[in-house]
**Student:** 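First, the structure itself, so that you have it in front of you.
We number each residue from 1, following the sequence as shown. Since the model is a prediction, treat every value here as computed from it, not as a measurement.
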Amino acid sequence: MKKILTRYTIKQFLWTFLATLFCLTAVILLFDMVELLRIASKKENISFFNVGTLALLKSPMMIHIILPFVVLLTSIIFFLRFNKSSELTVMRAVGVSVWNILLPLCSLVFIIGLIDVLLFSPISAKTSRRYERLEERLNMTSSTPFSWSESGFWWRDNQENGTLVLRASQIQQEDNKIILKDLSLFDLDNTGLSERQIESPSAVLQNGQIKLQNAMVIDPMNETLQPVSHLTFDTTLNLERLLEKFDDPQTMSFWRFPRFIRFLKEAGFSARAHEVYFHELIAFPVFLIAMFLVASLFTFPPSNRQGGTFLRVLSSIGSGFLLYFLSRITNVLGHNESLPLILAAWAPALICIPLCLSGLLSLEDG
């Protein structure tokens with residue numbers, strides 16, 4: 001009997017979850033398209049197909065953001081519907097406890113969180129990067145003149161007499177200056193032809209200048225090599241612009257975080273934002289369970305005779321938003337290093353879950 005009821009409740013909760021997710025995603029997609037159409041109306045040669053593509057590429061990232069609220073609303077709708085049909089009353093009358101009903105649903109919510117973090121986040125990261133590239137190609141946002149990854153750093157600086165293209169295999173921050181290792185600099189004219197190539201084992205970027213040491217100047221036209229002890233170039237690149245180029249943690253795959261955090265630390269840059277978000281992703285399935293328990297605490301009454309449905313729904317929604325707001329506060333404190341990483345990521349869920357369990361325990365056992 002209990003196995004049949006467990007399968008039934010899981011099936012009903014899953015269908016409610018999918019329907020809620022579809023409705024909220026459709027609403028957000030509609031609002032995104034309206035905003036993108038407003039921006040596209042000020043540009044030329046941007047079709048409705050481009051706007052639709054941008055909205056679809058952005059939707060996976062938005063699904064991850066709204067997933068806690070989807071779980072919250074799904075839980076409220078599920079328990080209200082079961083209370084209205086007296087199914088919960090019948091289950092409890094035949095000896096099914098609160099824990100027999102909630103534990104399988106908690107497991108389902110945990111699995112949903114794992115799927116989102118482990119499988120859906122790589123898809124979201126890819127679509128977010130394609131969204132940014134398409135935005136730049138359509139001139140809907142300003143493009144960045146440099147890019148980097150774990151394999152190296154590339155930068156392009158357009159100047160009056162041509163273009164400088166720089167590649168460095170490693171970068172390292174020291175106070176207010178940047179050390180570039182294994183530097184290759186290509187000096188291009190206005191037609192895009194290489195006037196000279198400069199190789200240097202190290203260079204210093206500071207105060208709007210790149211200072212090369214022990215460089216080797218290569219002239220591709222005359223096929224000559226000329227060693228130079230010191231060489232200086234003016235540049236628009238600075239430390240602030242470099243730090244702004246870091247990948248947004250929300251647009252990165254879960255599996256990429258450990259390698260990228262190690263890369264940032266080896267380069268001498270702060271990886272605090274990425275570490276905080278990485279720990280938040282690890283704690284995300286537990287956070288979804290906290291959202292589920294918040295909804296169940298207010299919408300799982302011992303009987304239908306209690307009434308006050310609107311007040312219970314309002315209390316569950318308000319508590320869910322309060323929990324989410326608390327998670328954003330701890331996130332900021334984690335970024336500012338006012339809280340340890342583990343506490344910043346896990347504190348909201350670990351505070352909420354015992355409180356909800358104690359309330360449900362009182363509800364069940366008096």
Side-chain angles (χ1 to χ4, degrees), residues 2 5-28 62-92 96-117 120 283-304 306-327 348-364:
K2 291 182 179 179
L5 291 177
T6 297
R7 288 197 297 268
Y8 175 74
T9 54
I10 288 177
K11 180 180 178 181
Q12 294 299 317
F13 187 90
L14 186 59
W15 279 113
T16 306
F17 170 80
L18 294 176
T20 306
L21 178 63
F22 175 80
C23 293
L24 288 183
T25 304
V27 171
I28 291 176
M62 299 304 301
I63 288 175
H64 171 76
I65 295 175
I66 68 171
L67 195 57
F69 300 104
V70 173
V71 171
L72 180 70
L73 293 178
T74 298
S75 305
I76 294 173
I77 295 171
F78 173 82
F79 288 120
L80 289 180
R81 186 162 59 87
F82 266 47
N83 272 318
K84 185 177 181 180
S85 62
S86 300
E87 289 177 272
L88 286 179
T89 304
V90 173
M91 289 181 185
R92 291 167 63 81
V96 179
S97 68
V98 171
W99 314 115
N100 294 133
I101 299 173
L102 296 184
L103 186 58
L105 297 180
C106 283
S107 302
L108 176 61
V109 170
F110 185 80
I111 292 173
I112 290 173
L114 285 180
I115 293 174
D116 175 74
V117 172
F120 194 72
F284 189 70
V286 181
F287 184 75
L288 292 185
I289 292 178
M291 280 289 192
F292 168 77
L293 291 177
V294 165
S296 63
L297 177 64
F298 291 98
T299 56
F300 197 150
S303 70
N304 290 331
Q306 279 192 345
T309 301
F310 177 77
L311 182 60
R312 294 200 302 272
V313 171
L314 190 62
S315 300
S316 59
I317 293 177
S319 300
F321 274 93
L322 182 63
L323 175 60
Y324 185 81
F325 182 68
L326 177 62
S327 70
L350 294 183
I351 291 174
C352 178
I353 289 177
L355 293 176
C356 292
L357 289 178
S358 63
L360 290 169
L361 185 64
S362 175
L363 176 71
E364 174 68 5

**Student:** Could you tell me which non-hydrogen atom of Leu293 sits nearest to which non-hydrogen atom of Cys106, and how far apart they are?
**Tutor:**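 Leu293 and Cys106 have their closest heavy atoms at CD2-SG, 3.9 Å.
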**Student:** Phe287: which residues meet the ring pair (Phe, Tyr, Trp, His ring centres under 6.0 Å) condition with it, sequence neighbours left out?
**Tutor:**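 Once residues adjacent in sequence are excluded, Phe287 has no partner under the ring pair (Phe, Tyr, Trp, His ring centres under 6.0 Å) criterion.
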**Student:** Is the shortest side-chain heavy-atom distance between Asn83 and Thr309 below 4.5 Å?
**Tutor:**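 Not in contact.
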**Student:** Could you give the distance from CG (Leu21) to CG (Leu14), rounded to the nearest 0.5 Å?
**Tutor:**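 Answer for the CG-CG pair, Leu21 versus Leu14, is 10.5 Å.
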**Student:** Rounded at 0.5 Å granularity, tell me how far CD in Gln12 sits from CD1 in Ile77.
**Tutor:**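 Spacing of CD (Gln12) from CD1 (Ile77) equals 13.0 Å.
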**Student:** In residues 316-325, what donor-acceptor pairs under 3.5 Å come from side-chain atoms, sequence neighbours left out?
**Tutor:**
residue	atom	partner	partner atom	Å
Ser316	OG	Arg312	O	3.2
Ser316	OG	Val313	O	2.7
Ser319	OG	Ser315	O	2.8

**Student:** Are the side chain of Ser358 and the backbone N or O of Pro354 linked by a donor-acceptor pair below 3.5 Å?
**Tutor:**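 Judged by distance alone, yes, a pair lies under 3.5 Å.
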**Student:** Mind checking what makes side-chain hydrogen bond (donor to acceptor under 3.5 Å, both in side chains) contact with Thr16, not counting sequence neighbours?
**Tutor:**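 Partners of Thr16 by the side-chain hydrogen bond (donor to acceptor under 3.5 Å, both in side chains) criterion, ordered by chain and then number, come out as Arg81.
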**Student:** State the CG-CG distance between Leu108 and Leu103, to the nearest 0.5 angstrom.
**Tutor:**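 Between Leu108 CG and Leu103 CG, I get 11.5 Å after rounding to 0.5 Å.
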**Student:** For residues 62-70, dump all side-chain donor-acceptor pairs below 3.5 Å to protein atoms at least two apart in sequence or in another chain.
**Tutor:**
residue	atom	partner	partner atom	Å
His64	ND1	Asp116	OD2	2.6
His64	NE2	Tyr277	OH	3.4

**Student:** Looking at CD1 of Ile101 and CZ of Phe79, how far apart are the two atoms once the value is rounded to the nearest 0.5 Å?
**Tutor:**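 The CZ atom of Phe79 is 7.5 Å from CD1 of Ile101, to the nearest 0.5 Å.
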**Student:** I need the Leu357 CG to Ser296 OG distance, nearest 0.5 Å.
**Tutor:**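 Taking CG in Leu357 and OG in Ser296, the distance rounds to 8.5 Å.
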**Student:** Nearest heavy-atom pair of Val294 and Cys352: which atoms, and what distance?
**Tutor:**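 Closest pair (atom of Val294, atom of Cys352, distance): CG2-SG, 3.3 Å.
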**Student:** Taking the side chain as C-beta and beyond, is there a heavy-atom pair between Leu360 and Trp99 under 4.5 Å?
**Tutor:**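 Result yes, sub-4.5 Å side-chain heavy-atom pair found.
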**Student:** Quick one: are Ser75 and Phe17 in side-chain contact, heavy atoms under 4.5 Å?
**Tutor:**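 Side-chain contact under 4.5 Å: no.
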**Student:** In Å, rounded to the nearest 0.5 Å, how long is the span from CG of Leu5 to CD1 of Ile10?
**Tutor:**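 Rounded to the nearest 0.5 Å, the CG-CD1 separation comes out at 11.0 Å.
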**Student:** Using side-chain heavy atoms (C-beta onward) and a distance below 4.5 Å, is Phe78 in contact with Thr9?
**Tutor:**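 The answer is yes, as the side chains (C-beta and beyond) meet within the 4.5 Å cut-off.
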**Student:** Could you list the residues that satisfy side chain to side chain contact (heavy atoms under 4.5 Å, CB included) with Ile115, not counting sequence neighbours?
**Tutor:**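 Side chain to side chain contact (heavy atoms under 4.5 Å, CB included) check on Ile115 returns Ile111, Leu119.
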